[in-house]
Amino acid sequence: MSGSTKTRMIRAYNRMAAPMLFLSGFFQSPPENYHNTEEVEIDIVRSDEDISIAVHDLSTGYRMNSDDIYMNKGFKPPVHKEAYAINSHDLLKRMAGENPFQDTRFQANLITRIYSGMTKIERKIRRSLELQSSQVLQTGIVTLTDMAGEALYTLDYKPKATHFPTAGTSWETATGEEKMADLTALGEVVRNDGLSNPDQLIFGITAFENFISDADVKDRLDTRRIELGGVAPETRGEGATFQGWIRLGNYRYEMWTYDGRYKDPVSGDKLSYIATGNIILRDSKGRMDATYGSIPNIGKLLGAQRTSLVPSLPGRFSNTSGGMDLFTNAWLSADGEQLWAGIGARPLMIPTAIDTYGCLDTQLT
C-alpha cells in the first residue's frame, strides 16, 4: 500500500570509484600492439655515444664498423577473466533510480544490468593495468597475486640495479643537499644508460613532503613557476597533481605527486600505486608499450547459436586511444533462467625503453 503520503523519486546517486590511470597513460597502444598470438616480441636495437677516431694520415685505411646489435625479447601477457550472473528473479527487482510504481521492462532491465556489470569489471581490469604500470616503473618486475597472496603471474624485465637505488640516508633525516644529490645521481644514471635527458619526477606523497620541507630545496625551486611557502598545485593527469618545476644538475624536472590507490586483494586495505617514500625519475619521451592479446572463443568461431544471446553486446571492445581491449562472452543455464556474462583481457605493460627511467627509495621508516 502506498498510503496517503506522496513521494518524489530523485536521481540516484551512484558512488562508483573511477580508476586512476596516470601511470598507465605513459604506455602507448598503437594498432600494431593488438595481437592474436600467445606472446608478443620486440626487437631492440642498441647503440652508444661512440665518437669517430681520427686515422694517422690519408694513407691509413678505414676503421671498420659493425652493424647495429639488436636484442629480441618475448613476453607472455597475463590473462584476466571475470564474470557475473543475472538471475530471472533479478529482473523483477527495481534498479537504482527506477520508479517503484512503474512496470519493469524485462529486456531493457537485462541489458542495463549487463552493461552495468561490464563497467564494473572494466574498471577492475584498468586498475590492474595501473598496478602493472606502477610495478614496472618502481621495480621492473610485474607480480600479480590472488586473494591469498600467491603469485599467479610474474615477469621480470631485468632492469639494471643501478636504476633502483636506495637513499644512503633516510629522507626523514637527510639534509636538502643530500636529497638533491640522490636525485641528481639517479638522473645521471638514466641519462648515461637511456641516452636521453630525464625531465620528470613522480613523488610518493611522503617523499614529496620531505623534499619540499627542506630549506635547501626551497632555495633551488624555480620561483617563476612555484610559489614558495606552499607549492601551487595544478591537477592535470588522471589522479595526479602537477607541483611545478625544479632544476637539478643539468636537467629541469616536472614535479608530480600521485596518490592513486587500489584495494589490496589480500589485506583489503587501500594501497597507493606509488609507495609513499618512492620517487620515479624518467624521461617523459621514453617509449613504453601497452599490448593486448585476443581471447578466442570457439563458439563464436563456429557461429554457435549461444554467441548471439545478447545481440546488442559486441564481442570485442577495442580502444587504441584509451588503451584497452576487452572480449565478452555470455551463456545460459540449462533451464534458461540464469545468464552469465564474462569479460576477458590479456594486457601487458612493457618498458620498451627500460633504461630511460629509475626509481629512488627514500628509505622511510
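Computed from a predicted model, the values in this text were never measured in an experiment.
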Side-chain heavy-atom pair [X], [Y] within 4.5 angstrom cut-off:
X    : Y    : result
I86  : Y84  : yes
L152 : T145 : no
H163 : D355 : yes
R123 : S128 : no
M180 : V217 : yes
P198 : R282 : no
F26  : L137 : yes
T328 : M118 : yes

> Got a sec, which pairs hit salt bridge (charged side-chain N to carboxylate O under 4.0 Å, His left out) with one end in residues 341-350, sequence neighbours left out?
Replying inline: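 Listed once each, the pairs would be none.
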> Restricting to pairs with a member in residues 319-335, which pass salt bridge (charged side-chain N to carboxylate O under 4.0 Å, His left out), not counting sequence neighbours?
Replying inline: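 Every pair satisfying salt bridge (charged side-chain N to carboxylate O under 4.0 Å, His left out) with a residue in residues 319-335: R316-D325.
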> So, D289 versus T291: side-chain donor-acceptor pair below 3.5 Å or not?
Replying inline: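 There is no such pair (donor and acceptor under 3.5 Å, judged by atom type) between the side chains of D289 and T291.
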> Would you say the side chains of S284 and D199 form a donor-acceptor pair under 3.5 Å?
Replying inline: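 Short answer, yes.
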Please answer whether the main-chain N or O of [Y] pairs with a side-chain N or O of [X] as donor and acceptor at a distance below 3.5 Å.
X    : Y    : result
K179 : N210 : yes
Q135 : E130 : no
T362 : G277 : yes
E178 : T175 : yes
Y292 : L326 : no
S294 : P296 : no
Y157 : T139 : no
N278 : I274 : no
S170 : T173 : no
S116 : T112 : no

>> Taking the six-membered ring for Trp, are W256 and Y253 closer than 6.0 Å centroid to centroid?
In response: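 No, they do not, as the ring centres are separated by 6.0 Å or more.
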Drop me the distance from [X]'s [atom1] to [Y]'s [atom2], to the nearest 0.5 angstrom.
X    : Y    : atom1 : atom2 : answer
T257 : L201 : OG1   : CG    : 11.5 Å
I350 : N33  : CD1   : CG    : 7.5 Å
S29  : Y34  : OG    : OH    : 4.0 Å
S318 : M324 : OG    : CE    : 10.5 Å
Q138 : I279 : CD    : CD1   : 11.0 Å
S134 : Y262 : OG    : OH    : 6.5 Å

> Thinking salt bridges, do R126 and E122 make one under a 4.0 Å N-O criterion?
Replying inline: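 Counted as a salt bridge, because a side-chain N and a carboxylate O are separated by less than 4.0 Å.
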> Which residue, F203, F208, F211, forms the side chain to side chain contact (heavy atoms under 4.5 Å, CB included) with Q243?
Replying inline: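 Of F203, F208, F211, side chain to side chain contact (heavy atoms under 4.5 Å, CB included) with Q243 is met by F208 alone.
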Does [X], at its [atom1] atom, have more than 12 non-hydrogen atoms belonging to other residues, nucleotides or ligands within less than 6.0 Å?
X    : atom1 : answer
K285 : NZ    : yes
E32  : CD    : yes
K160 : NZ    : yes

> Taking the six-membered ring for Trp, are F22 and Y258 parallel (under 30°), tilted (30 to 60°) or perpendicular (over 60°)?
Replying inline: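 Tilted, since the angle between the ring planes falls between 30° and 60°.
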The criterion is salt bridge (Lys or Arg N to Asp or Glu O under 4.0 Å); which residues satisfy it with [X], sequence neighbours excluded?
X    : value
D193 : none
K73  : none
D182 : none
D361 : none

> Linking I/L/V/M/F/W/Y whenever their side-chain heavy atoms sit closer than 4.5 Å, directly or via other members, would I121 and Y115 fall into one cluster?
Replying inline: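 Looking at the clustering, Y115 is in the same group as I121.
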> Under a single-linkage definition using a 4.5 Å side-chain heavy-atom cutoff for Ile, Leu, Val, Met, Phe, Trp and Tyr, are I205 and L271 assigned to the same hydrophobic cluster?
Replying inline: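 Different hydrophobic clusters.
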> Minimum heavy-atom separation for E41 to G74, with atom names?
Replying inline: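 Distance-wise, the nearest heavy atoms are CG-CA, 3.8 Å.
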> Given the rule in the side chain to side chain donor-acceptor pair (under 3.5 Å) test, do Q363 and T166 qualify, once you have shown the distances and angles that lead to the verdict?
Replying inline: CA-CA 6 Å; Q363 196 184 9; T166 298; over 6 Å; no
